[in-house]
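Protein chains get the first letters and strands the later ones, always in sequence-line order, with residue 1 at the start of each.
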Amino acid sequence: MRIAPRTTQAIAKGLLLTATASAVGALVFVVGFVLAGGLRHVSWSFLTEPILDMGRAGGIFPAIVGTLLMVLVSVGIAAPLGIASAIYLAEYTREGRLTQTIRFGINCLAGVPSIIFGLFGFILFVNILGLGWSVLSGGLSLAAMILPTVIRTAEEALRSVPTSYRDVAASLGATRWQVVTKSVLPYAIPGILTGVILGIGRSIEETAVVIFTAGSAVQTPTSVFDSARTMAVHFYILAREGISNENAYATAAVLICTILIINTTAYTLMHRLMRGRRAA
Amino acid sequence: MDKLVSRLLLLAACSSAAILALIALFIFKEGVPIMARSGLGAFLLGRDWSPLQGQFGILPFIIGSLCITLGALLIGVPLGVACAVYLAEFSSPRWVNILKPAIELLAGIPSVVYGFLGVMWLAPLIRIRLGGPGLSILAASCVLAIMTLPTIVSISIDALQAVPKSYKQGSLALGATEWQTVWRVLFPAARAGILAGVILGMGRAIGETMAVIMISGNSTAIPHSALDSVRTLTANIAIEMGYATGEHRQALFATGVILFFFIMILNGAALRFARRKF
Amino acid sequence: MTTMIRTKATVSFFVLAIAISGSGSGCARKSENTITLAGSTAFQPFAEKLAEQYLETHTDVRVNVQGGGSAVGVQAALAGSAQIGMADLLTLPEEAKTLTPTVVARDGIALVVHPKNALAELSATQARSVFTGEINNWKDLGGADAPIRIISREEGSGTRRSFQELVLGDSKLSPNALFQNSNGTIREAVASNPDAIGYLSIGLVNDRVKSISYAGVVASNENVKNGTYPLARPIFLLTKGEQSPMVREFIDFVMADASQRVLEKEGLIPAK
Amino acid sequence: MTQSNPKIEVKELTILFGATPALNGVSFDVRHQEILAVIGPANSGKSSLLLALNRMLSRIHEASVTGSILLDGRDIGNIEDVEDLRRRVGMVYAMPIALPMTIRENVLFGIRLKRTIRKNEGDTIVESTLRSSFLWDEVKDRLDTSALNLSGGQQQRLCLARTLAVGPEVILYDEPCSGLDPISTAKVEEAMKELKTAHTQILVTNNTKQAARVGDRTAFLLMGELVEIDDTDKIFTFPSDPRTEQYVTGKFG
């Protein structure tokens, strides 16, 4: 017997809604748990004071600075490099052996576990290049880790811009590079931003890579050549050795708020950029 | 000038392949000798991992990685894609604008947080309701599925939204229901983007270390059910690297080599599957 | 247009050049007044605590404390990326022969079970049988009819090696054991499973888990100190070659009575 | 340059997509300031011909072109600055492609690729080109609103204005009115007639009546061959080839 399309639709919608509800529910549970457990212990002094007494006392100011610096370095490297790669793949070449190789490399890199990036960064940046445990070593290693995410999302975003936009620009005398910058990139920004935001998220949450390459110094870093501890590492150390669960969750809560602020800023910037481009 | 730009972009595009090559070179250099010494067969198919006694068999970890990744995908992909479809096609734009950034936010929650929550909530739940030690394949798959959700949902929504509106209108105009339109028109049109999200999510699942260490129990025995504890290849590296020296350390790098091939095969399979299916 | 791109390329080249040369000088600047410790994650928080106090009187130096594990401690001390390596191994590995070890403290190991578990003590033989898997049900120890879930540290960790040598001897750990790679997660895992048994640093036992006696002796730092409780391992600071005055001063500070009392307060056993 | 020399000479032009021919050894001239209508059924090679005239075909990897096209006596295949060629030979597409920006930005998009322009110069260009494309009166009060709010017909005239703004000598139209209502179509045709004073125009169309209305001369393409090119009146009344007659009278195609 054939089921009427309307019935199928009702069943499908129901299933989709259930899936959405459980996915969102699970995620809300995680955030809610951390915020509920952590925000109680967050205060102004917690945000501004140095880490004292193995993390049981004082605040997490050095970890906040460390996190921001690390994100700045890693995204500052990975975003331009990744977007440039995506432009090459989507706009400057056609499918062939070379793109297949590059794409394969990107896919594999996406699957390389973070611990391997950590060991790689430890040997290459910390030891061979002599950068030591530093924000720079950490940022470079993290950049390598988030590169595939940025490339894949940026490439998808570029490809989703209608071909006709490119034709129009070219027929008006745009060079290849102008076609990209004037009639493709502006419309791919939302998608590219998704990738960058996911990349920021991964940089912020990563622990294994950071411990091996940026170290976990408790002092506030004053330059990219100093060792630094990120909030994720701080949480990990506090929770791992069972030092202070309160401060661990408070750190995680601050971490979530930081991501919230970064993401909101990014979205606001994007909307400002896109205003006037969309139909009213 | 266009030539110069083209060259620079090519250089950028090659960087990720170059990084991959560097990483490969470095773990192969450390890992291959021990595999050669103990024999590839013995290394891959050995069931006994006692590095301090010179026993390096990683079969249980290969099985562990496979089970957990598969489990995470089985739970995470339908859930994530369904969530994306619902948000992109059936809910009001206002909800998408709130929920999509909210879900992306979750990509930034440290995996160790997920791990701790898993140990404190999920593992006891599974132990009491379903039996076994709690720290198990099932628990790890659930935690990883939740961790991959932000990647899959977020990228899939982008892919669905990038499908031209005219496709949808065309299909609806032919008398298709909304669901038929989504299933027969939008979904195939967005599949490349959705697949990109799934591959990235899968990469995250295979590559995840810290959370898996906490939640999977890390037993070195071969599992018999989803309620048994396992150790993944990544966990094996991360859990012991801090203390490993000499041959033990080399064996961990060799685990990395196998992991490397493992990821390449999975990627190849995913891409082939994507080509054949549609 | 062309000139603009060229200018951009030139500018970015210079930025890169400055960054690279800066990184070189940055390292040079750093090593002069920075002491870097790296290694054992178990000792890392204690080292941080000591560094914090050290800096109160030595404002002109920077002390970086890095984790990574005891193996990283040995490697870093050998490679020179850290002046002081930290390791909590019962016996130091072959490659550490060239390093100078200083025992700065000892760490006791307690057997722990879920607070609801009625078990109060294990004899040495019982402990061995439990951890090798010969006894795999709590009813064999007078408890409820439930399987024993062993939760152990990972192969190679200082705690695990000490436990292996001191409790298991030549026998092998049960193949059904679960593993966690830190004291904190062992505690959580045991606290969340009534059938579990594990072992962790005495200093980190709290009311979420129950410490049980081993061979008739209560696990406590006093008993480790007076030699009646056998499960403990040393913590080493490792240095390579001649110690620089700055490094020697720091190690002397760690060995000083005040610092040793701090370590004792935090749950470690002083070296002296 | 005397008016008797043709503006464009197409000689033995063959276009292949991979191994499939789209145009097969076609030769003809285009005169100064005329409107040449090109008609023919689907797959006759009309659109490929247009794409060859401003070398947009070079953007399609599998396309290959042999033969030559002379613009003012110069082979466009040898022109190094292909962007300049495309500014001289403008193009209006079948679908109105308004870029997602304001009306003003759409019009000035092409010029801004070449140079920066001052506000008042921009205003002048916007007004003159929009007047030429018969759109000015409809949009003069909302130049800074999104172009996507315009109707299809308005968008197509905006596309024409955008093409005019870069100052082309030749304008190519690829079925510009296929999606438009009769009123918009009439306006576009009116604009084309006015533009004859300064521009050479080639109109590819599926609509033979449109060719009859605006074409000075008409060319009939069939399966990649040029069947006939002659004055429009002659093509529609006494064509020399029976196939042309069949097509224009609606017997096939």
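Ranked by heavy-atom pairs under 4.5 Å with chain A, the first of B/Gly193, B/Ala205, B/Cys14, B/Ser91 is B/Gly193. Top candidate by heavy-atom pairs under 4.5 Å with chain A, chosen from B/Val81, B/Leu22, B/Ile103, B/Ile199, is B/Leu22. Options B/Ser15, B/Ser154, B/Gly256, B/Ala17 differ in how many heavy-atom pairs under 4.5 Å they form with chain A, and the most are formed by B/Ser15.
Contact of B/Met202 with chain A is not made at all, since no heavy-atom distance falls under 4.5 Å. Both the backbone and the side chain of B/Met264 come within contact range of chain A, judged by heavy atoms closer than 4.5 Å. Of the two parts of B/Ile27, only the side chain, counted from C-beta on, holds a non-hydrogen atom closer than 4.5 Å to a non-hydrogen atom of chain A. Contact annotation for B/Leu99: only side-chain heavy atoms (C-beta onward) come within less than 4.5 Å of a heavy atom of chain A. Contacts between B/Leu9 and chain A at a heavy-atom distance below 4.5 Å involve backbone atoms as well as side-chain atoms. Only the side chain of B/Trp121 comes within less than 4.5 Å of a heavy atom in chain A; its backbone stays farther off. For B/Phe262, no part lies near chain A; criterion is any non-hydrogen pair under 4.5 Å. Residue B/Ile23 touches chain A through both its backbone and its side chain, counting heavy-atom pairs closer than 4.5 Å. Only the side chain of B/Leu149 comes within contact range of chain A, with at least one heavy atom under 4.5 Å from a heavy atom of that chain. If you measure heavy-atom distances from B/Met120 to chain A, the contacts under 4.5 Å come from the side chain alone.
Classification of the A/Phe235-B/Phe116 ring pair by plane angle, with boundaries at 30° and 60°, yields perpendicular. Ring planes of A/Tyr92 and A/Tyr88: parallel class, angle under 30° (limits at 30 and 60°).
In this structure the side chain of A/Thr230 never reaches within 4.5 angstrom of the side chain of A/Glu206, judged on heavy atoms.
Scanning for side-chain hydrogen bond (donor to acceptor under 3.5 Å, both in side chains) contacts around B/Thr181 gives B/Ser171, with sequence neighbours left out. For the side-chain hydrogen bond (donor to acceptor under 3.5 Å, both in side chains) test, no residue two or more places apart in sequence or in another chain qualifies with B/Thr148.
Of all heavy-atom pairs between B/Ala211 and B/Ser111, the closest is CB-O, 3.4 Å.
Looking at A/Glu155 and A/Arg159, a side-chain N of the basic residue comes within less than 4.0 Å of a carboxylate O on the acidic one, giving a salt bridge.
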